[in-house]
Amino acid sequence: MSDPTHVPPSKVVLVSGGSRGLGLAIVTDLIDSGVKVAAFARTVTPELTALAEKYPDQVHVGPVDINDEKAGQAFVKEVEGKLGPIDGIVNNAAVGQDSLHVHTSAEQIANIIQTNLTAPLVLTRFVLRRMMAKGLKGRIVNVTSICAQRGYPGLVAYSATKGGMDAATRSMARELGGRVLANAVAPGFFASEMSAVLGQTQLDQIVRRTPTGHLTEPEEVVPVVRMLLLENTNINGQVIVIDGAAGI
Ligand SMILES: NC(=O)c1ccc[n+]([C@@H]2O[C@H](COP(=O)([O-])OP(=O)(O)OC[C@H]3O[C@@H](n4cnc5c(N)ncnc54)[C@H](OP(=O)(O)O)[C@@H]3O)[C@@H](O)[C@H]2O)c1
């Protein structure tokens, strides 16, 4: 891409929460696409370790709590040393919720907001500053949720963080205009450790209310993330819903 107004595809992508679920699916897909990938979570799973061992020059992984700012910064520097400068971020790490708002303590609310909203913004800020210092362009993909738009019982604080990230995405796109494409993907419910708190009755109801007749699958979200990171598009500041038009 020689046009200086275009943002080239990412070459080194940082994926938070890449140890399992959607994050692991994104990491695997990006590796298959030939991109260098750095992934962290509090616990590095055997699956993630296996990828790092199989692709030592292409993948770097480590145990980082996204709420530990210094550890996140150290990991970013480690990644730059091993894979090169980061020019793509997938903010995927998050914690869920399974409690009515009236039963959720102030500490629990603060922890959800810290992990799902504050920490990714702080990490993104750090990576962006380094990208800009190097004169790099880049892409950001924030993984949010349909819950931010439709709501769901038991997910009040969680939905607030996802709506916050949707809003931040739009402002990032404006603020970083031209240098960084910032977008979000908002999946519907998919099977994972996070959604395991949903009972069969709730899952059946979601499927019944989904025109496409099935829960969203990580494999249906991954191509959209890949497109936002690697394709030549002018998509910027958007929240792309991937939920089969569920009427949850
Ligand atoms: N599952 C759904 O139905 C659904 C629907 C819409 C959107 N989403 C969103 O999709 C994304 C992935 O969700 P998922 O269902 O794949 O969840 P998951 O299976 O619970 O995976 C979450 C990932 O985030 C990591 N993580 C959590 N807290 C962390 C912390 N403090 N520091 C670093 N890493 C942390 C986890 O690893 P550790 O626990 O080892 O740290 C794990 O790698 C999330 O943003 C979620 O909100 C999920």
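Remember, it's 1-based here, ligands and their atoms both numbered in the order they're listed. Numbers for residues simply follow the sequence, beginning at 1.
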What protein heavy atom sits nearest [atom], and how far away is it?
atom	value
atom 35 (C) of ligand 1	A93 CB, 3.8 Å
atom 28 (N) of ligand 1	R42 NH2, 3.2 Å
atom 43 (O) of ligand 1	S19 OG, 2.6 Å
atom 44 (C) of ligand 1	N92 O, 3.1 Å
atom 14 (P) of ligand 1	S192 OG, 3.6 Å
atom 21 (O) of ligand 1	R20 NE, 3.6 Å
atom 40 (O) of ligand 1	T43 N, 3.0 Å
atom 8 (N) of ligand 1	Y158 OH, 3.5 Å

Geometric N/O contact [X] with ligand 1, under 3.5 angstrom:
X	value
F189	no
F190	yes
G17	yes

Would you list the atom pairs, donor with acceptor, under 3.5 Å between side chains in residues 35-56 and any protein atom, with sequence neighbours excluded?
from	atom 1	to	atom 2	distance (Å)
T45	OG1	S19	O	2.7
T45	OG1	L48	N	3.4
T49	OG1	T45	O	3.1

Review point. Considering only heavy atoms, does V95 approach ligand 1 within less than 4.0 Å through its side chain, its backbone, both, or neither?
Key: side chain
Practice item. State which residues pass side chain to side chain donor-acceptor pair (under 3.5 Å) with Q202; sequence neighbours excluded, sorted by chain then number. Key: none
**Study point:** Min heavy-atom dist P187 to ligand 1 below 4.0 Å
**Key:** yes
**Study point:** Check: Q200/D204 side-chain N/O donor and acceptor closer than 3.5 Å
**Key:** yes
Check your understanding: Hey, quick one: are L24 and V95 part of the same hydrophobic cluster, counting side-chain heavy atoms closer than 4.5 Å, chains of contacts allowed?
Key -> no
